[in-house]
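Any value given below was found using the heavy atoms of this structure, including those in side chains, with hydrogens, waters and symmetry copies removed. Residue numbering restarts at 1 for every chain, and letters A, B, ... go by the order of the sequence lines.
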There are 2 protein chains.
Amino acid sequence: MYDELKYWYLRDHKLFKTLSSEQTKQLCIISGFKKAKKGEIIYFSDSDLPRIFLLKTGSIKIVSLDEDGIETIKDIIQKGDMFGELSLDSDIQVNEYAKVLTEEVSICSFLLSDFEDLMLQNPQLALGYTKFVGLKMKRLRNNYTNLVSKDAKTRLVTFLKEWAEKEGIFDNEKVIIENYLTQNDIAQIICTSRQTATTLLNGFVDDGIIQYNRKEIIIPNLGKL
Amino acid sequence: MYDELKYWYLRDHKLFKTLSSEQTKQLCIISGFKKAKKGEIIYFSDSDLPRIFLLKTGSIKIVSLDEDGIETIKDIIQKGDMFGELSLDSDIQVNEYAKVLTEEVSICSFLLSDFEDLMLQNPQLALGYTKFVGLKMKRLRNNYTNLVSKDAKTRLVTFLKEWAEKEGIFDNEKVIIENYLTQNDIAQIICTSRQTATTLLNGFVDDGIIQYNRKEIIIPNLGKL
DNA sequence: TGCTAATTGTCAGCTACCTTACATTTGTAT
DNA sequence: ATACAAATGTAAGGTAGCTGACAATTAGCA
């Protein structure tokens, strides 16, 4: 029964659509599965073997700790996304871990080596995965460009728009976003200080462009942002 | 004879090592090949079909033009590197092109669709390619972190070190780099203004940490940088 | 060989943003 | 309910580095 569940967890991910149920099951048998609650930390280095993770529901942030013990957000992973050793190399970042942002997340994982084997057997999967990694790089590069050429305000607007597009609940021009990020998180994502992010957000509220509280962000008119 | 040449150009790239000569030839037949001189511009949109390029010798910069006509360096591509639609999607960036930096470059290219076909036939290639893209992403992410947390001076040092490692000619602790970049290029790479880059470089020269001219950069002691 | 364009050098203001520092509010455990 | 920690709000002061402006040098070319 448990295997069955895991099977389904993979099954409806677009990347695994091309696999026969036999192959998916093969991946499932060796895959781990877990749920975690808000604030919990998932260490990549828990298993000494490199893994690929698939976030089934919820959101997490990938955080790295630098020499001075300062947390930096590396990535926000959302429902349906994969994370872990995406570059398929096995050197695990010791000072990197994932932190759960939403109330609950469910994650399944499989060993990098098993995933590789499966890709070798199924070129379509390999191609799909390559495109997925490529897309991720494109997005990263985009962020990079924004960081260089746009100021903090523009970066915040861009971020809010993207967030709305990805996770917002639309009602005509109005969008509601479930706000599971602190202002500090947002600040880190757009690469600015917490204070600047706070000031900017409050500025938007004053201008009536957004409504903001700890639970949700409402954008009355996405076009106006 | 010409086909033969192109065959060899691919052959000794590590990514294509796993291919049978038959397969390499297959890719070769459909691939283009060209040489270009310093300052020349290579437009990706030249062929309406998306392509992957392989830089055999020399260096180029990938530049994008924004709305205001401002050039931004997206990437520096060196000998042996690939560039083009690496994310394997076909939407060509119209306002993106490559500019030759070294005296001469030789480039070969093949159609994205052909490359995909070949990957489907040879999963090992797909896997290798994914690792390659992953590595590229890792480097980008590294730059990103530097940009956020380090100041311009540190970024310049990091860049010089990397450049030396990658292309420098070593003589014990001393390294000589062939300098095909203008200070403006360097400034863009480390995301600062031309003036700041100039001042910093001259500062290093004054401190005796480097010797700088338009032809080459000499680092007497790489460890001291 | 001289002419022109590109590259490099230097400086003075300006500003977006960081830092430090503290007050206030909100969530949560006891 | 109370206490404590986390998250948010606000302000003053400092600064890295950008912008613009202009001179000096070097490279490419007719």
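- Between A:T196 and A:S193, the side chains place a donor N or O and an acceptor N or O closer than 3.5 Å (distance only, hydrogens not considered).
- We find that CD of A:Q188 is positioned 16 Å from C1' of C:dC17, with the value rounded to whole Å.
- Counting to the nearest Å, the P atom of D:dA7 and the CG atom of A:L101 are 11 Å from each other.
- At a threshold of 4.0 angstrom between heavy atoms, the contacts of B:T182 are confined to the sugar-phosphate backbone, with no base atom among them.
- One atom, CG of A:L156, and another, C1' of C:dA16, lie 15 Å apart when rounded to the nearest Å.
- Of all nucleotides listed (C:dC17, D:dT10, C:dG9), C:dC17 comes nearest to the side chain of A:T192.
- In terms of phosphate contacts, A:T196 brings a side-chain nitrogen or oxygen within less than 4.0 Å of OP1 or OP2 of C:dC18.
- Atom CZ of B:R194 and atom P of C:dA6 are 14 Å apart (whole Å).
- Both B:Q183 and A:K150 lie near DNA chain C, and the one whose nearest nucleotide falls closer to the 5' end is B:Q183.
- Nearest nucleotide to the side chain of A:R214, out of C:dC18, D:dG9, D:dA7: D:dA7.
- Salt-bridge annotation for A:K61 and A:D75: absent, with no side-chain N of the basic residue lying under 4.0 Å from a carboxylate O of the acidic one.
- Nearer the 5' end of DNA chain C, as judged by each residue's closest nucleotide, is the contact made by B:L181, out of B:L181 and A:K153.
- Phosphate contact (OP1/OP2 of C:dT7, side-chain N/O of B:N184, threshold under 4.0 Å): absent.
- Comparing C:dG9, C:dT7, D:dA21 by their nearest atom to the side chain of B:T198 picks out C:dG9.
- For the pairing with A:F53, the ring pair (Phe, Tyr, Trp, His ring centres under 6.0 Å) check across A:F110, A:F115, A:F33, A:F44 returns one residue only, A:F44.
- Separating the CG atom of B:L147 from the P atom of D:dA16 is a distance of 17 Å, rounded to the nearest angstrom.
- In the interface, the side chain of A:Q195 is not paired with the base of D:dT8 through any donor and acceptor atom under 3.5 Å apart.
- Side-chain atoms of A:S59 and A:T102 form no donor-acceptor pair, as typed in the model, at a separation below 3.5 Å.
- The distance from atom CG of B:N213 to atom C1' of D:dT25 is 13 Å, rounded to the nearest whole Å.
- Rounding to the nearest 0.5 Å places OG1 of A:T182 at 8.5 Å from CG of A:L101.
- Picking from C:dT8, C:dT10, D:dT8 the nucleotide with the shortest atom distance to the side chain of A:Y212 gives D:dT8.
- Checked against C:dT8, D:dT8, D:dA16, the side chain of B:D151 finds its nearest nucleotide in D:dA16.
- Whole-Å rounding puts the A:K215 NZ to D:dT8 P distance at 11 Å.
- Distance CD (A:E71) to C1' (D:dA6): 13 Å, rounded to an integer number of Å.
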